[in-house]
Asker: 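Input: one structure, supplied below.
The sequence lines fix the lettering, A, B, ..., with proteins before strands; numbering per chain opens at 1. Computed over heavy atoms, backbone and side chain alike; hydrogens, waters and symmetry mates excluded.
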There are 2 protein chains.
Amino acid sequence: MEGSGAKVRGRGHPVTDRKAMVEAALGLLDEAGVEGLSMRRLAERLGVKAASLYWHVRNKEELLGLLADEICAGVREPRLDLSWREKLETLVRENRRVLLGHRDAARILAGTVPTGPNRLRLAETMLGTLIGAGFSRRDVVRAAFLLTDYATHFVAEETRFASVGKAHGSSDEEKLARVRRHFEALPEDEYPLAVSLAGYLTDPDADGRFEFGLEALLDGLEKKLATRGSSGEPSG
Amino acid sequence: MEGSGAKVRGRGHPVTDRKAMVEAALGLLDEAGVEGLSMRRLAERLGVKAASLYWHVRNKEELLGLLADEICAGVREPRLDLSWREKLETLVRENRRVLLGHRDAARILAGTVPTGPNRLRLAETMLGTLIGAGFSRRDVVRAAFLLTDYATHFVAEETRFASVGKAHGSSDEEKLARVRRHFEALPEDEYPLAVSLAGYLTDPDADGRFEFGLEALLDGLEKKLATRGSSGEPSG
DNA sequence: ACCTGAACACCGTTCAAGT
DNA sequence: ACCTGAACACCGTTCAAGT
């Protein structure tokens with residue numbers, strides 16, 4: 001429980017305070033989720049009144065931006081000896097892994113503009129890898145958005161129900177089972193496929209779903225590379 | 001402007017009232033965005049007190065679910081003579097078109113579970129098309145999620161700044177120009193690619209970006225079909 | 001069957017004032 | 001330089017009470 005006193009000493013330069021704020025925000029996020037992450041509760045956790053936070057941060061949006069960047073600090077760079085495709089796979093999987101590390105992290109990322117140093121660094125890696133693969137400059141950027149957004153939004157969907165039922169003690173399996181029964185109970189003449197595919201619609205294998213989409217995306221990108229050729233500029 | 005009086009006559013059966021609520025909610029959404037869509041403002045618009053809404057609807061989440069389904073009513077089914085790939089393209093493009101038709105519609109869809117009749121009907125069409133293409137039952141479901149979520153999340157990203165700057169009179173182009181200058185002003189030694197690709201990172205051609213991703217996804221899916229063969233069951 | 005009054009337990013943000 | 005008191009303008013939701 002260190003850090004409860006916020007700025008113990010030093011000269012209390014604002015950097016330290018922002019850092020403490022973001023750390024506290026991350027802790028609060030893990031305990032209470034996005035829904036519970038309010039400026040007032042964060043202030044309480046820092047032993048301060050809510051109004052004080054606005055000395056360190058313009059508004060809540062700015063705080064969430066800092067928080068998002070902090071979350072991304074844990075993404076590891078892919079090894080240099082990998083192929084471009086392996087590098088991209090690693091990067092996108094790493095993204096998912098890190099987002100699964102904090103409650104509602106994907107929703108924070110999705111709702112926030114990537115301007116912090118960590119996210120910019122990751123963008124550089126992604127863009128550089130795509131340039132190395134031979135995409136045109138325009139396609140590099142489009143592919144980067146596609147892959148980054150895929151990771152973020154997949155995890156956001158995947159964890160949507162993580163918080164909901166935890167309160168009244170229903171496990172993930174119980175929740176999925178309930179949804180499956182809901183699909184199965186639909187009128188079969190109107191929604192025959194939803195009924196018959198209910199088992200797959202509530203497939204608990206999120207890893208498999210993630211890899212399915214990732215492979216499709218990379219196969220699609222690979223095909224573009226083959227078709228369009230290296231139609232673009234040199235890779236500088 | 002019909003429907004301003006809510007339930008004029010009939011026997012005021014609850015279906016009518018819910019319909020009027022959802023219509024009013026859609027109007028409020030277009031005027032005020034998700035941020036401005038509150039139960040209290042919606043009640044005001046219906047000439048009623050906020051507490052009354054809870055007679056017709058369990059809570060706000062349920063209302064948003066109904067609203068999401070109403071938004072999806074406008075999605076047209078693809079023509080039957082198209083190939084499976086053309087059908088999927090049409091369906092995903094239609095999805096985007098409809099989501100662009102109401103302010104923050106994509107965010108409503110993204111935050112809501114697809115249980116309404118319109119969304120279920122669209123799911124049937126999507127699943128049926130993928131079955132017709134020859135995917136295994138498991139892959140049908142995975143591909144359906146992939147394509148549906150792509151449309152929703154693409155539009156959510158695409159329209160993220162739609163509302164923000166409108167207040168202090170900055171057009172879309174001005175906003176993009178500001179972001180581009182921000183990237184260009186980054187330290188070139190740390191973020192060389194962000195600086196050099198600033199123009200593409202703020203590309204205003206959303207249609208082009210959307211089609212890039214859609215083509216990649218469909219190419220990727222097509223490849224799976226070729227590779228895995230029709231490994232699954234018959235198409236019943 | 002449907003609506004209201006009144007309350008409960010919250011929000012983000014501002015700003016003059018304190019130290 | 002940093003924090004507080006007090007307020008402003010909101011939220012979603014409940015529930016006894018009205019008609």
Asker: Please determine if a side-chain N or O atom of Trp55(A) lies less than 4.0 Å away from the OP1 or OP2 oxygen of dC2(D).
Answerer: yes
Asker: Starting from P on dG5(D), measure out to NZ on Lys49(A) and report it in whole angstrom.
Answerer: 5 Å
Asker: Using whole Å, what does the distance between atom C1' of nucleotide dC2(C) and atom CG of Leu53(B) come to?
Answerer: 12 Å
Asker: Please pick, from dG5(D), dC2(C), dC3(C), the nucleotide with the shortest atom-to-atom distance to any side-chain atom of Asp17(B).
Answerer: dC2(C)
Asker: Nearest to the side chain of Met39(B), which nucleotide is it out of dC11(C), dC11(D), dG12(D)?
Answerer: dG12(D)
Asker: dA6(D) pairs with which nucleotide, Watson-Crick or G-U wobble, both distances below 3.5 Å?
Answerer: dT14(C)
Asker: From the options dG5(C), dT4(D), dT14(C), select the nucleotide whose nearest atom is closest to the side chain of Tyr54(A).
Answerer: dT14(C)
Asker: Do Leu147(B) and Leu88(B) pass the side chain to side chain contact (heavy atoms under 4.5 Å, CB included) test, and can you show the C-alpha distance, the side-chain angles, and the key distance before you say yes or no?
Answerer: CA-CA 8 Å; Leu147(B) 292 170; Leu88(B) 293 177; 4.0 Å; yes
Asker: I need the minimum non-hydrogen distance between Ala194(A) and Leu186(A), along with the two atoms involved.
Answerer: CB-CD2, 4.2 Å
Asker: How close do Glu31(A) and Arg103(A) get, counting heavy atoms only, and between which atoms?
Answerer: O-NH2, 2.8 Å
Asker: Using purine N1 to pyrimidine N3 plus N6-O4 or O6-N4 for Watson-Crick, or N1-O2 and O6-N3 for G-U wobble, each under 3.5 Å, what pairs with dA1(D)?
Answerer: dT19(C)
Asker: Provide, to the nearest angstrom, the distance between the CG atom belonging to Leu46(B) and the P atom belonging to dT4(C).
Answerer: 11 Å
Asker: Here's a test of your reading of the structure: between Arg58(A) and Gly36(A), which maps to the more 5' nucleotide of DNA chain C?
Answerer: Gly36(A)
Asker: Using whole Å, what does the distance between atom C1' of nucleotide dC2(C) and atom CE of Met21(B) come to?
Answerer: 13 Å
Asker: Just the rounded figure in Å: distance from C1' of dC10(C) to CG of Leu37(A).
Answerer: 15 Å
Asker: Rounded off to whole Å, could you give me the CG-to-P distance for the Asn59(A) and dT14(C) pair?
Answerer: 8 Å
Asker: If you check the Arg41(B) side chain, which of dC15(C), dC3(C), dC11(D) turns out closest?
Answerer: dC11(D)
Asker: Taking the side chain of Arg40(A) as heavy atoms from C-beta outward, which of dT4(D), dG5(C), dC11(C) is closest to it?
Answerer: dC11(C)
Asker: Does Leu214(B) form a side chain to side chain contact (heavy atoms under 4.5 Å, CB included) with Glu211(B)? I'd like the steps, not just the answer.
Answerer: CA-CA 5 Å; Leu214(B) 179 55; Glu211(B) 292 296 329; 4.0 Å; yes
Asker: Can you measure Glu62(B) atom CD to dG12(D) atom C1' for me and round it to whole angstrom units?
Answerer: 15 Å
Asker: What's Ser52(A) touching, base or sugar-phosphate or nothing? Going by heavy atoms closer than 4.0 Å.
Answerer: base
Asker: Kindly say if His56(A) contacts the phosphate of dC3(D), meaning a side-chain N or O under 4.0 Å from OP1 or OP2.
Answerer: yes
Asker: Can you label the angle between the Phe210(A) ring and the Phe154(A) ring as parallel, tilted or perpendicular, going by 30° and 60°?
Answerer: perpendicular
Asker: Please tell me if Lys60(B) has a side-chain N or O lying less than 4.0 Å from either OP1 or OP2 of dG12(D).
Answerer: yes
